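In what follows, a single structure is set out as structure tokens and then discussed.
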There are 2 protein chains.
Amino acid sequence: MNDTLQVTSGSAGVFNKIRDSIVNGRYSYNERLPSERDLATRYKAARGTIRSALEQLEQASMVRRKFGSGTFVTYKNDFDHEDIAEETSPLELIEARLAIEPYIVKLVVLNANNRDLNRLEQALEQANNTDHDPEAFSQADEAFHLMLATCSQNPLLIWIYQRINDIRSHNQWSARKANILTPLKIRAYNEQHRQLLEAIRHRDQIEASDIISSHLKQARQDITGVG
Amino acid sequence: MNDTLQVTSGSAGVFNKIRDSIVNGRYSYNERLPSERDLATRYKAARGTIRSALEQLEQASMVRRKFGSGTFVTYKNDFDHEDIAEETSPLELIEARLAIEPYIVKLVVLNANNRDLNRLEQALEQANNTDHDPEAFSQADEAFHLMLATCSQNPLLIWIYQRINDIRSHNQWSARKANILTPLKIRAYNEQHRQLLEAIRHRDQIEASDIISSHLKQARQDITGVG
DNA sequence: TTTTTATGGTTCAAATTTGGTCTGAACAAA
DNA sequence: TTTGTTCAGACCAAATTTGAACCATAAAAA
């Protein structure tokens, strides 16, 4: 017939079936797929065939495979695409964060207790193990900054930051992550996070606020390609 | 035993199930989850697996765990802004505005064109004729500050400020407006607005940012009754 | 107040699960 | 033939799960 006809056999067939299951929501974001051996019996194929299909899915950035752990869906279905997410450019997003986060950090310095600091430390370490995985770092980075907002103890600011994060994950910038987030960049960002947490630990409002400001300005430069 | 629909297993599966229970309202905001040992029997998993899932939920800022007390839902459904409006105190609202408005003003100084300045002038004059009407001034004041956000030209910041204004008009502070907004206070606020607009006209970023900061700090004082 | 109870926090080792790798045979298409 | 794919099985290495015990805290009960 024509080239739109789907292949239904072999690894290409398995690839198509799993891909459809993902885009149709049968397997949703962050969900773990059945094990390769399990998939093999389901699709009545050899494990090697399944692995070949999973490699293609990974190549297509739809899943991420973790040694000894499983295969996880990284594809996001845009159900709740709010208009505002469409209208906001990566640069405008950074500007908004530049507006709100330095003040959030000041509040964190004032309000954070030891438990909050431990949670920030955890979030930071999550991000520290992602040198070579832009997608993983991006997720951990979102979680770290949201945790900062959470530690401000201000429900309105937390709510606002949740909205920012929603937009962040639907933003056009997502497409360029892989280009911008080199291992070197990721390490630099992680180092800035570390410095920020130290400043918070020392209850140094001005230092902490300055660090988050330059952190975001750095990100702005990296996005615009200036510098 | 896996012929039928297979849900994700392990801690990832428990995480998904509990997360869904939370977003679907099965466990609602501030509610305490069953104990870890209880969840372990419910989900037929070891306590360690449950703890792993709860750690993921905590990292996602959906629950908060209290030593010796329990695990509590911190996730809020963002569908109705009424909730966040009810949970936000007048002080927290001012704090959020203090976070965002100074930066908005800086952007206005950078981006505002003559047409924007005229719009601000109009909004300001609207507020100038309301010396003896707290309700009218309050509305005009909201409009003026929203116009500032609009002049920042950043759609995300505009959207955020619209949400802030929504909350502002639903906030508990409304009840105390009549007490706080004396004619004297209204004139003082209007004067500060005037100075702000002048600073914007002179493209003085620092001056404009300082004025809006002290303007809001003044409002914070008036609310808390300090000073 | 003191005591008790329930809860989350921690540690440990064994068992299990999972993705990663390799081999060789069977099969189909060029 | 040659080439590429699929299949089936085995083993490796990493991560998770399990089950149990014990600790520290907070709230309830006495």
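All values below were derived from every heavy atom in this structure, side-chain atoms included, with hydrogens, water molecules and symmetry-related copies excluded. In what follows, chains are A, B, ... by sequence order, proteins preceding strands, each numbered from 1. These numbers come from a predicted model, not from an experiment.
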Side chain of A:R47 - closest among D:dG19, C:dG20, D:dA26: C:dG20

Among the candidates C:dT7, C:dG9, C:dG20, find the nucleotide nearest to the side-chain atoms of B:S35. C:dT7

Base, sugar-phosphate, or nothing: which does B:S11 touch, judged by heavy atoms less than 4.0 Å apart? sugar-phosphate

Base, sugar-phosphate or nothing for B:R64? Non-hydrogen atoms, less than 4.0 Å. nothing

Among the candidates D:dT17, C:dG8, D:dT6, find the nucleotide nearest to the side-chain atoms of A:T49. D:dT6

Looking at the side chain of A:A46, which of D:dA8, D:dT18, D:dA15 is the nearest nucleotide? D:dA8

Euclidean distance, atom CZ of residue A:F72 to atom C1' of D:dT16 [Å, nearest integer]: 10 Å

Counting the atoms with a prime plus P, OP1 and OP2 as sugar-phosphate, which does A:G70 contact under 4.0 Å by heavy atoms, base, sugar-phosphate, or nothing? sugar-phosphate

Aromatic plane relationship, B:H145 with B:Y161 - under 30° parallel, 30 to 60° tilted, over 60° perpendicular: parallel

Partner of A:Y103 by side-chain contact (heavy atoms from CB on, under 4.5 Å), out of A:I100, A:V105, A:L107: A:L107

From D:dT18, D:dA15, D:dC12, pick the nucleotide closest to the side chain of A:R37? D:dC12

Of the listed D:dA15, C:dG19, D:dG19, the closest approach to the A:E36 side chain comes from C:dG19

Which nucleotide, C:dT10, D:dA10, D:dA14, lies nearest any side-chain atom of A:F67? D:dA14

Evaluate the ring planes of B:Y189 and B:H215, with Trp represented by its six-membered ring, and classify them as parallel (under 30°), tilted (30 to 60°) or perpendicular (over 60°). perpendicular

Nearest-neighbour nucleotide for the A:T71 side chain, C:dG19, C:dT18, D:dC7 considered: C:dG19

When you check the phosphate oxygens OP1 and OP2 of C:dG8, does a side-chain N or O of B:R51 lie under 4.0 Å from one of them? no

